[in-house]
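Atoms within each ligand, like the ligands themselves, are counted from 1 in listed order.
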Amino acid sequence: MRYVVAVRALCEFTAKQGDLDLRFTPSPSAQEGIAGHALVASRRGALYQAEVSLSGDYKELRVRGRADGYDAQNRQLEEVKTFRGDLADMPENHRQLHWAQVKVYGWLLCQKLELAEVRLALVYLDIGSQQETVLAECFTAEALKGYFEAQCEKFLDWARQELAHRAARDAALAALAFPHAAFRTGQRELAEAVYRSAASSRCLMAQAPTGIGKTIATVFPLLKAAPRQHIDKVFFLAAKTPGRRLALDALALINRSAPTLPLRIIELVARDKACEHLDKACHGESCPLARGFYDRLPAARSAALAEPGAGGLLDKEALRTVALAHGVCPYYLSQDLVRWSDVVVGDYNYYFDVSALLHGLTVANGWRVSVLVDEAHNLVDRARKMYSAELDQAELAGVRQSAGPALKKPLDRLHRAWRDLARGPQHPPEQAYQVCDSPPDKFLLALQQATAAITDDLEAHPTRVDAALQRFYFDALHFSRIAESFGAHSLFDITLDDARVRNGPFGSSRPAARFSRLCIRNVVPAPFLAPRFAAARSAALFSATLSPQKYHADTLGLPADTAWVDVPSPFLAEQLAVQVVSDISTRYQHREGSLAPIAHLMARQYDDKPGNYLVFLSSYDYLEKLAERFRQLHPQVPIWQQTRRMDEAARDEFLARFVPEGRGIGFAVLGGAFAEGIDLPGQRLIGAFIATLGLPQVNPVNEQIKLRMAENFGARQAYDYTYLYPGIQKVVQAAGRVIRTTRDQGVIFLMDDRFARPQVQRLLPSWWQVRQMRLRPASVTDADRRVWVSADGVQP
Ligand code: SF4
């Protein structure tokens with residue numbers, strides 16, 4: 001069996017030495033990189049071949065890759081690198097790596113074309129000036145062969161142990177048994193669907209109820225499928241930290257159940273969670289863990305793989321221990337270890353974001369990967385954020401004020417372009433919210449010139465710390481990058497920010513400045529996500545709320561042959577009483593009047609069956625009003641409230657009130673921290689009151705999103721895709737907190753007349769038996785009547 005390795009991966013393993021250094025950045029955007037390569041190719045003669053596929057074998061190794069270009073006329077093989085800034089600042093170990101790559105390609109080319117010698121060239125293209133710096137040298141085939149074989153020899157021991165690991169892993173996975181005594185109801189059906197999707201190389205959408213053990217039911221079948229389907233890696237992608245933890249626990253359970261299974265499992269966490277020196281920069285002159293990073297990496301890598309942490313996991317803690325023992329950065333060690341892992345557990349952004357690590361490595365190395373997307377109903381919103389960008393004029397103003405002379409001109413030019421943009425003929429300056437066709441070229445050019453100037457400035461002053469300038473710089477780079485792929489999937493809008501209208505300087509009589517924010521707002525992430533799904537051998541997206549199937553498939557860009565499974569709930573309708581209260585309206589204009597009836601219903605239910613309840617409202621404002629009214633009317637009932645910007649400790653405190661024998665009502669916001677992803681089984685939660693349909697607010701932005709939805713999917717879908725489906729999904733998620741096991745009993749009150757509409761009821765889980773009730777006048781008592789009259793001043 002051969003071990004296949006990409007040229008770049010081979011050279012990174014064998015030829016990278018010295019410090020980790022992120023200061024010398026290549027071209028800021030992938031598109032600029034592609035355009036730079038195309039520019040170099042266009043300057044060459046007719047016989048120039050771009051993207052030359054090459055491969056060659058050495059003992060158990062197969063080395064393959066694509067050289068950037070070959071000029072047959074001059075017998076010159078080129079490796080093209082785009083960059084910004086001063087080439088002299090490029091660290092020496094970067095240049096060494098580039099030479100290593102082009103030399104390996106050189107031998108593969110000589111072998112393929114039977115050349116006795118070849119000229120190798122590193123072509124550095126300055127993205128700003130479009131000037132090329134060419135470093136070229138002639139090599140004999142013999143010398144290149146020697147170099148190639150030396151690199152292969154350096155890698156061979158590692159490759160042999162990787163082959164042995166793979167064989168042992170696959171043998172153990174083939175014999176792997178389900179780690180529990182039996183499947184729970186629905187678990188087998190989900191596991192089989194995931195296995196089939198991997199076997200047929202398709203995507204799968206799986207709607208499966210909470211409580212059946214979805215994590216193990218998705219991870220286990222993929223691991224079983226891995227040997228036959230030659231799956232190199234499984235990526236488990238979660239929206240939130242608890243999802244990652246559940247996955248790691250499930251994988252540790254699998255590891256424990258099969259002691260001979262040599263599965264390598266790694267957790268990826270965000271840089272700010274893994275960094276040991278948050279006050280430092282990622283280069284050897286600043287951070288001790290970056291200094292000599294590549295010299296100490298091999299020992300750290302071997303130690304991590306040989307001795308993972310508890311449960312056989314390389315989770316955050318285990319990685320930190322190994323990294324610090326070897327004096328390397330834990331964050332960048334984890335990025336290296338991805339290459340040698342079988343299962344990677346991380347956030348969505350590691351695969352779906354603009355320049356996501358896992359996706360980039362998958363494409364570069366030709367890995368066969370299977371992707372699991374946990375709680376996939378979150379992916380639409382998360383992906384929208386990844387492909388949106390915002391710029392704040394107030395930040396530009398601040399940066400202009402403190403900028404040095406080198407930045408004055410480009411920032412002034414950007415300021416003028418911005419001002420013209422907001423005052424364009426079609427956009428009167430006083431319009432608070434405007435949507436434009438696309439970001440204008442003139443503005444984008446000014447933005448690019450400004451970022452190029454800041455790049456140079458930052459490189460010229462590496463020790464200067466200017467947090468505002470850096471923040472603006474990264475926002476501007478992201479904005480430029482997102483603007484490159486602007487299309488019908490996004491909006492470009494300008495918002496005048498009333499709250500930040502500025503007075504003239506020092507109380508002068510100069511007119512106040514009104515700042516604006518520019519936003520490229522992704523509405524439909526499908527065009528960005530579709531290539532990500534295509535790059536995976538299979539992908540399974542699972543959640544308790546993936547209905548309607550078409551809405552998710554359309555917005556996420558899933559392929560037409562995506563399979564669908566709706567796993568029946570293991571819960572019985574008798575476990576859950578679902579009541580639609582059809583004579584309460586929670587519409588904005590009726591909220592004040594709804595407070596007393598809602599409070600009354602909650603108190604009555606609490607009196608009938610004391611225990612722990614949650615009530616969900618559409619906003620903090622509504623929550624605070626209801627809590628206040630409830631406290632006035634029913635002071636004997638203990639209540640506790642979710643508040644804005646709760647930290648982790650405060651969230652834990654809120655949840656700690658839900659003890660098995662406890663009593664009281666927690667007030668929470670729909671769509672917030674307590675509306676999904678929390679587990680309160682048994683008596684810890686016996687009911688929920690949901691006083692909202694969860695519909696996004698009708699405002700100018702959402703109305704524009706609706707128009708975009710109409711353009712993409714037709715006018716008939718526009719309202720549902722913008723308002724109804726996202727809203728009801730949140731309701732079902734929140735309601736899903738009540739029944740967590742087959743022994744739970746509970747009650748849900750859906751408090752709004754619109755829950756009685758057939759188009760809404762169709763979106764509720766099929767196992768629910770929904771009943772309608774009217775709170776008044778039939779059920780009203782004299783005591784109730786007195787409460788409402790005194791609270792609202794009106795008769796019910
Ligand atoms: S420890 Fe922090 S500053 Fe140092 S290299 Fe790692 S991420 Fe960068």
Do any side-chain atoms of residues 324-332 form donor-acceptor pairs under 3.5 angstrom with protein atoms, and if so which ones, sequence neighbours left out?
residue, atom, partner, partner atom, Å
His326, ND1, Val322, O, 3.1
Tyr331, OH, Gln335, NE2, 3.1

Heavy-atom nearest pair, Pro439 first then Ala483, reads CG-CB, 4.4 Å
For residues 645-653, tabulate all N or O donor-acceptor pairs below 3.5 Å that involve a side-chain atom, not counting sequence neighbours.
residue, atom, partner, partner atom, Å
Asp647, OD1, Ala649, N, 3.3
Asp647, OD1, Ala650, N, 2.8
Arg651, NH1, Met646, O, 3.1

Heavy atoms of Lys273 and Lys316 approach each other most closely as O-CE, 3.3 Å
Spell out the protein N/O/S atoms under 2.8 Å from atom 2 (Fe) of ligand 1 as residue plus atom name.
-> Cys275 SG
Only one of Gln470, Glu395, Glu390 passes side-chain contact (heavy atoms from CB on, under 4.5 Å) with Asp475, and that residue is Glu395
How would you list, by chain and number, every residue that makes a ring-ring contact (aromatic ring centres under 6.0 Å, His included) with Phe542, sequence neighbours excluded?
-> none
